[in-house]
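The next block holds one structure in the form of structure tokens; read it before the comments.
Note on naming: letters A, B, ... go to the chains in the order of the sequence lines (proteins, then strands), and numbering restarts at 1 for each one. As the structure is a prediction and not an experimental result, all values here were calculated from the model.
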2 protein chains.
Amino acid sequence: MPASRTTSEKRAQVIKALAHPSRLLIAEALLDGEQCVCDLQELVGADMSTVSKHLSLMRSAGVLVCEKRGLNIYYRLACGCLGDFLRCVDQMTPARPRQKSCC
Amino acid sequence: MPASRTTSEKRAQVIKALAHPSRLLIAEALLDGEQCVCDLQELVGADMSTVSKHLSLMRSAGVLVCEKRGLNIYYRLACGCLGDFLRCVDQMTPARPRQKSCC
DNA sequence: GTCTTATTTGGCTATTTCGCCAAATAGATG
DNA sequence: CATCTATTTGGCGAAATAGCCAAATAAGAC
């Protein structure tokens, strides 16, 4: 059956949470396991508040979950499938050939 | 090895091409096979020029390829893995539970 | 209790993205 | 050739997103 518009909207919200270089960099880093906000800030190299907003967006989209332990808050991927997701993305990221136009 | 910033940027461009409800709806429809622009316009229900720009963006991101036959231009998915991609997205699209905040 | 330290939130400007309209283009048809 | 049909492109205002700063919050340490 064809996807409904509301299904596409829900899915798009999740995809959007990964469709930003800094957010994707964060998600990729978390493939190796959880990290605290301050480590992710260092990774991304942006203002702490900026990173925090990215994390919050990814969390509310269902991509990340977090947990407080001691002084820090640790984020991790909500789902183990991100590797597969990225493998598919890489199949569409050809080093070179991309159609500029038809015909 | 960790993903580099430029790798994440390339990937993010592909993901961005799918991170919009109308564009995702188009991609989902193309799971069942190619369609011409006018069919996709009807599906999306936006102005023809709007749909054309979405298609062009997806094409230059490497998500779609197109081909002209007769009067029409037919678009199809560049890669067969989109189904897997969406299955992963759906795992992160829980009907209900989503972390509002930590702790 | 006060003082830190880690993180989030509010507010603001700058940038990007979206969607329509109108005009341009490409190619089939007569 | 002129004309029609399908699609793309240019341009512009409106809306959404990004990133910084400053202020607020939460919880552990003292």
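Every residue was checked against the side-chain contact (heavy atoms from CB on, under 4.5 Å) condition with B/Ser60, not counting sequence neighbours, and none meets it. Residues that satisfy the side-chain hydrogen bond (donor to acceptor under 3.5 Å, both in side chains) test with B/Glu34, not counting sequence neighbours, are B/Arg69. Looking at residues two or more places apart in sequence or on another chain, you find no side-chain hydrogen bond (donor to acceptor under 3.5 Å, both in side chains) involving A/Asn72. Listed by chain and number, the residues in a side-chain contact (heavy atoms from CB on, under 4.5 Å) with A/Gln35 are A/Ala29, A/Leu30, A/Asp39, A/Leu40 (sequence neighbours excluded). Taking B/Val65 as the reference, A/Gln99, B/Arg76, B/Ala78 meet the side-chain contact (heavy atoms from CB on, under 4.5 Å) condition, with sequence neighbours excluded. For A/Ser4, the side-chain hydrogen bond (donor to acceptor under 3.5 Å, both in side chains) partners are A/Thr6, A/Thr7, not counting sequence neighbours. Here B/Phe85 pairs with A/Phe85 under the ring-ring contact (aromatic ring centres under 6.0 Å, His included) rule; sequence neighbours left out. Residues meeting the side-chain contact (heavy atoms from CB on, under 4.5 Å) test with A/Ser22, sequence neighbours left out: A/His20, A/Val44, A/His54, B/Arg5.
In this structure, A/Cys102 and B/Cys66 have their SG atoms less than 2.5 Å from one another. Across the pair A/Cys81 and B/Cys88, the gap between the SG atoms, which is the quantity tested here, stays under 2.5 Å.
Tracing side-chain contacts under 4.5 Å through hydrophobic residues (I, L, V, M, F, W, Y), one never reaches B/Ile26 starting from B/Leu57; they form parts of separate clusters.
A straight line from NZ of A/Lys16 to C1' of C/dC18 spans 11 Å, rounded to a whole angstrom.
The backbone N or O of B/Lys100 sits less than 3.5 Å from a side-chain atom of A/Arg59, completing a donor-acceptor pair. Under the 3.5 Å distance criterion, the side-chain polar atoms of B/Thr93 are matched with a main-chain donor or acceptor of B/Val89.
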With 3.5 Å as the limit, what N/O pairs link the protein to nucleotides 11-15 of chain C?
unit_1	atom_1	unit_2	atom_2	d
C/dG11	O6	A/Lys53	NZ	2.5

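For the segment residues 18-44 of chain A, residues with any heavy atom less than 4.0 angstrom from an atom of DNA chain C are, sorted by number, A/Cys36, A/Val37, A/Cys38. Contacts with DNA chain C (heavy atom under 4.0 Å) in residues 64-79 of chain A: A/Leu71, A/Asn72, A/Ile73, A/Tyr75, listed by number.
Both B/His54 and B/Lys100 lie close to DNA chain C; mapped to their nearest nucleotides by heavy-atom distance, the more 5′-ward contact belongs to B/Lys100.
Protein chain B touches strand DNA chain D; the 5'-most and 3'-most nucleotides with an atom under 4.0 angstrom of its non-hydrogen atoms are D/dA6 to D/dG11.
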